[in-house]
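A quick note: this is a predicted structure, and the numbers were derived from the prediction, not measured. Numbers for residues simply follow the sequence, beginning at 1.
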Amino acid sequence: MKRSTIHDKAKEIKRQKLLREIEDRKLPYLTPKDEKFEELSKAKYSKLHLRQACCVPDDIHQKVQQGLTTLQDYKCFAQDLVQIKGKDVLTPVYRLLVGNPGHTYRYLNTRLFAIPWPAHGVEVKYSNNEIGKACQAIKDLNEYLHAEAVKILVDHYPAADEEIGFVEKATTSLNEDTESGKGVLNNQKININTVLKDRTSFNVALLNYMDPSRMKYLKEEPYFDMGKMAVSWHHDENLVERSTVAVYSYSCDDLGPALDESNKNSVEGRDPTLWHVGLKIAWDIETPGLALPLHPGDCYFMLDDLNMTHQHCVLSGMQSRYSSTHRVAECSTGTLDYIFGRCDVAMKNLQNDSVLGISSLISLEVEFVRQTEEIHNEVEFEWLRQFWFQGKRSAKQCDWWFGPMAELENAWKKMEQMTKLLLCEINKADWSLEEKTQSIRCLLPLLEERHELRKIWVARCQSRLANNLPIDEQPECHPHWHHGDAKMPLPFDLEEIISLLRNQLGPEDGGERK
């Protein structure tokens with residue numbers, strides 16, 4: 001959370017600087033009706049590609065649009081309680097993550113847990129068959145967008161072949177030259193097909209539902225005077241570097257309110273009755289922005305490094321709108337396979353005597369202690385509390401996540417026991433002062449972090465915003481237990497334990513002064 005806060009402050013400084021530079025004037029932007037739109041698109045926005053609805057197969061439209069409305073009918077979309085600049089904010093957009101089984105997507109200090117789309121060898125019991133069909137439709141769309149993204153990159157950007165594929169990548173061999181002691185460099189050819197597949201193999205789809213009649217407090221676009229924004233300027237987070245983002249847009253003409261003629265021409269430039277995606281070069285006040293209208297069934301692709309060099313926003317229209325945004329999420333630390341692997345690493349330092357019915361730590365070496373306690377915190381705050389902070393809303397689609405989360409909680413309880421075992425070892429009389437000090441120096445910062453994060457999560461779960469959510473979407477402060485709970489090895493509140501450990505350190509180690 002500290003790292004995110006620093007990043008948020010840096011972005012805010014840039015934003016304020018940009019606003020000071022432009023002062024009261026508004027920057028220019030173009031729409032397709034402007035004469036120089038195509039010229040600007042090719043020169044500055046060449047990695048944005050629009051696929052109009054008429055070029056998308058009818059069966060894709062039919063299945064996807066029916067699937068999206070089905071998910072809305074079954075109330076599968078929900079607002080996310082995210083953190084922006086250290087404060088809890090309820091997103092005006094309603095969202096649902098669908099994707100590969102066991103995958104998650106993290107944004108704005110919130111981890112979303114993907115409702116699995118049908119996958120070979122994975123049993124998913126959807127709440128009903130219609131939700132299962134909707135998830136299959138999103139998967140079919142995902143495969144279509146993947147194939148189209150590869151075609152676009154190959155057909156429209158041949159000049160990028162040298163950059164994207166068939167590049168020489170220097171990697172340092174682990175084998176060392178015994179005479180020079182330097183690593184040996186090996187040149188490896190990377191096939192363009194492999195690179196393109198990696199950058200377009202979408203593993204999650206973030207579905208959005210936006211109804212302007214329910215979005216009462218939409219911000220005005222601040223730089224270009226483009227009108228009201230459903231989603232502010234941003235880069236998509238947590239993606240594989242230079243990966244494509246593909247978006248299917250569906251605005252429901254028949255569901256929208258009657259157009260307010262007084263507002264129809266209130267925004268100079270773009271048509272405010274239509275949804276648009278806005279684009280600009282990040283932190284650039286010289287290049288005009290773009291506002292691209294989105295009609296029902298249109299798709300657009302943000303290719304290669306566009307998401308890194310440019311920012312985009314979503315400009316509100318008059319009708320309700322769905323979007324299915326397909327991403328290559330950076331999941332090196334965001335899958336069940338990963339976190340269960342981490343738990344396995346921690347459990348290697350625990351041994352159980354089945355005869356005596358007691359447990360003990362295999363090693364008390366500082367590196368093993370630190371590793372276990374870091375995994376302990378990761379499981380609790382990146383997985384368990386993130387999942388339960390979203391209440392039981394995933395049960396509306398399926399119960400798939402509840403089994404793995406129960407397994408993670410069992411592993412976490414064993415890690416609570418491992419922390420208690422370490423504390424018992426530290427308090428043994430036969431430990432030298434040096435051994436105690438080393439272990440306490442290692443353990444104390446991780447316990448302090450755990451203690452502070454628990455207080456933060458409790459406060460978030462009890463906030464006014466949290467309590468105003470629908471009952472089945474309200475955050476649950478879990479795991480949580482009361483003092484003296486015999487089932488738990490340690491208390492929930494770690495203040496007393498932290499104080500005792502501090503008292504065993506000298507002032508030079510940050511301990512209490514006598």
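- Within the 3.5 Å criterion, the main-chain N or O of F37 finds no donor-acceptor partner in the side chain of D34.
- Of the possible donor and acceptor atoms, none in the side chain of R95 sits under 3.5 Å from a partner among the backbone N and O of L206.
- Taking NZ of K85 as the start and CG of L108 as the end, the distance is 11.5 Å to the nearest 0.5 Å.
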- Message: Between H49 and Y300, does the ring pair (Phe, Tyr, Trp, His ring centres under 6.0 Å) criterion hold? Intermediate values first, please.
- Response: CA-CA 6 Å; H49 187 88; Y300 64 90; over 10 Å; no

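- Aromatic rings of F387 and F402 (six-membered ring for Trp) have centroids within the 6.0 Å cut-off, being under it.
- Side chains of Q136 and Y126: a donor-acceptor N/O pair is absent below 3.5 angstrom, by distance only.
- In terms of the salt bridge (charged side-chain N to carboxylate O under 4.0 Å, His left out) criterion, residue partners of E382 (sequence neighbours excluded) are, by chain and number, R106, R111.
- Using modelled atom types, no side-chain atom of D305 and backbone atom of R242 make a donor-acceptor pair closer than 3.5 Å.
- Ring orientation note: the planes of W412 and H376 are nearly perpendicular, at an angle over 60° on the 30°/60° scale.
- The side-chain heavy atoms of Q72 and Y94, taken from C-beta on, include no pair separated by under 4.5 Å.
- Across all their heavy atoms, C398 and I115 have their closest contact at SG-CG2, 4.0 Å.
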- Item | Residue pair K36, E39: steps toward the salt bridge (Lys or Arg N to Asp or Glu O under 4.0 Å) verdict | CA-CA 5 Å; K36 294 186 177 181; E39 179 183 341; 5.6 Å; no

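- The number of heavy atoms from other shown groups lying within 6.0 Å of CG (D58) does not exceed 12.
- The nearest pair of heavy atoms linking V93 to Y209 is CG1-O, 3.8 Å.
- Taking the six-membered ring for Trp and thresholds of 30 and 60 degrees, F224 and Y29 have ring planes more than 60 degrees apart, a perpendicular arrangement.
- Counting non-hydrogen atoms of neighbouring residues, nucleotides and ligands closer than 6.0 angstrom, the CD atom of E241 reaches no more than 12 such neighbours.
- A 4.5 Å side-chain heavy-atom check between T287 and L40 finds at least one atom pair inside the cut-off.
- Using a distance-only test at 3.5 Å, with no hydrogens or angles considered, a donor-acceptor pair links the side chain of D298 to the main chain of H295.
- Taking every heavy atom of both residues into account, P32 and A291 meet most closely at CD-O, 3.6 Å.
- The residues E452 and K455 are annotated as salt-bridged, a charged nitrogen and a carboxylate oxygen being separated by less than 4.0 angstrom.
- Interatomic distance, L145 CG to T325 OG1, rounded to the nearest 0.5 Å: 10.5 Å.
- Atoms CD and OG1, on E237 and T110 in that order, are 9.5 Å from each other to the nearest 0.5 Å.
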- Are Y248 and V64 close enough, and set up right, to give a side chain to side chain contact (heavy atoms under 4.5 Å, CB included), and what steps lead you there? CA-CA 9 Å; Y248 180 92; V64 171; 3.7 Å; yes

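- A donor-acceptor pair under 3.5 Å is formed between the side chain of E330 and the backbone N or O of S332.
- Counting only distance, with no hydrogens or angles, the side chain of Q390 and the backbone of Q386 share a donor-acceptor pair below 3.5 Å.
- Around the CG atom of N129, the shell of radius 6.0 Å holds no more than 12 heavy atoms that belong to other residues, nucleotides or ligands.
- How far NE2 of H234 is from CG of N307: 7.5 Å, rounded to the nearest 0.5 Å.
- Note: C299 SG to L294 CG = 10.0 Å, rounded to the nearest 0.5 Å.
- Applying the salt bridge (charged side-chain N to carboxylate O under 4.0 Å, His left out) test to K139 and every residue at least two apart in sequence or in another chain returns nothing.
- A donor atom on one side chain and an acceptor atom on the other are not found under 3.5 Å apart for W233 and Q311.
- Considering all non-hydrogen atoms of both residues, E221 and K26 come closest at O-NZ, 4.4 Å.
- A donor-acceptor pair under 3.5 Å is absent between the side-chain atoms of Q319 and the main chain of C252, judged by distance alone.
- Aromatic ring centres of F301 and H326: separated by at least 6.0 Å.
- More than 12 heavy atoms of other residues, nucleotides or ligands lie within 6.0 Å of CD in E143, so this atom counts as buried by the packing criterion.
- Here D80 pairs with R393 under the salt bridge (charged side-chain N to carboxylate O under 4.0 Å, His left out) rule; sequence neighbours left out.
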- Task: Apply salt bridge (Lys or Arg N to Asp or Glu O under 4.0 Å) to R321 and D211, showing your working.
- Result: CA-CA 6 Å; R321 174 183 179 257; D211 182 353; over 6 Å; no

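- Every pair passing salt bridge (charged side-chain N to carboxylate O under 4.0 Å, His left out) that includes a residue from residues 462-476 is listed here, sequence neighbours excluded: K392-E476, K396-D472, K396-E473.
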- Verdict with reasoning, F389 to H478, per side chain to side chain contact (heavy atoms under 4.5 Å, CB included): CA-CA 8 Å; F389 187 69; H478 185 84; over 6 Å; no

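- What you find for T69 and Y250 is that their closest heavy atoms are CG2-CE2, 4.2 Å.
- Using a 4.0 Å cut-off between charged side-chain N and carboxylate O, K33 and D271 make no salt bridge.
- Residues N467 and Q462 bring no donor and acceptor atom of their side chains to less than 3.5 Å of each other.
- In plain terms, the two heavy atoms of P479 and R385 that are nearest each other are O-NH2, 2.7 Å.
- When only modelled atom types and interatomic distance are considered, D73 and T70 share no side-chain donor-acceptor pair under 3.5 Å.
- With rounding to the nearest 0.5 Å, the separation of CD in E286 from NZ in K44 is 10.0 Å.
- In this view, E148 and R51, K151 satisfy the salt bridge (charged side-chain N to carboxylate O under 4.0 Å, His left out) rule, not counting sequence neighbours.
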- Message: Evaluate E409 against L384 for side chain to side chain contact (heavy atoms under 4.5 Å, CB included), listing each step before the verdict.
- Response: CA-CA 7 Å; E409 187 169 339; L384 295 177; 4.2 Å; yes

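- R454 contributes a side-chain N or O that, together with a main-chain N or O of F492, makes up a donor-acceptor pair within less than 3.5 Å.
- Paired with L303 under the rule side chain to side chain contact (heavy atoms under 4.5 Å, CB included), one option of V245, L48, L153, T200 passes, and it is L153.
- D88 places no side-chain N or O within 3.5 Å of a backbone atom of S463 that could act as its donor or acceptor partner.
- In this structure, the ring of H310 has its center less than 6.0 angstrom from the ring center of Y45.
- Not one N or O on the side chain of D198 forms a donor-acceptor pair closer than 3.5 Å with the backbone of V195.
- For the ring pair (Phe, Tyr, Trp, His ring centres under 6.0 Å) test with F113, the passing option among Y105, W401, W400, W388 is W401; the others fail.
- The ring-ring contact (aromatic ring centres under 6.0 Å, His included) test applied to H276 returns no partner, not counting sequence neighbours.
- Judged by a 6.0 Å distance limit and a 45° cone about the ring axis, R460 is positioned over the six-membered ring of W457.
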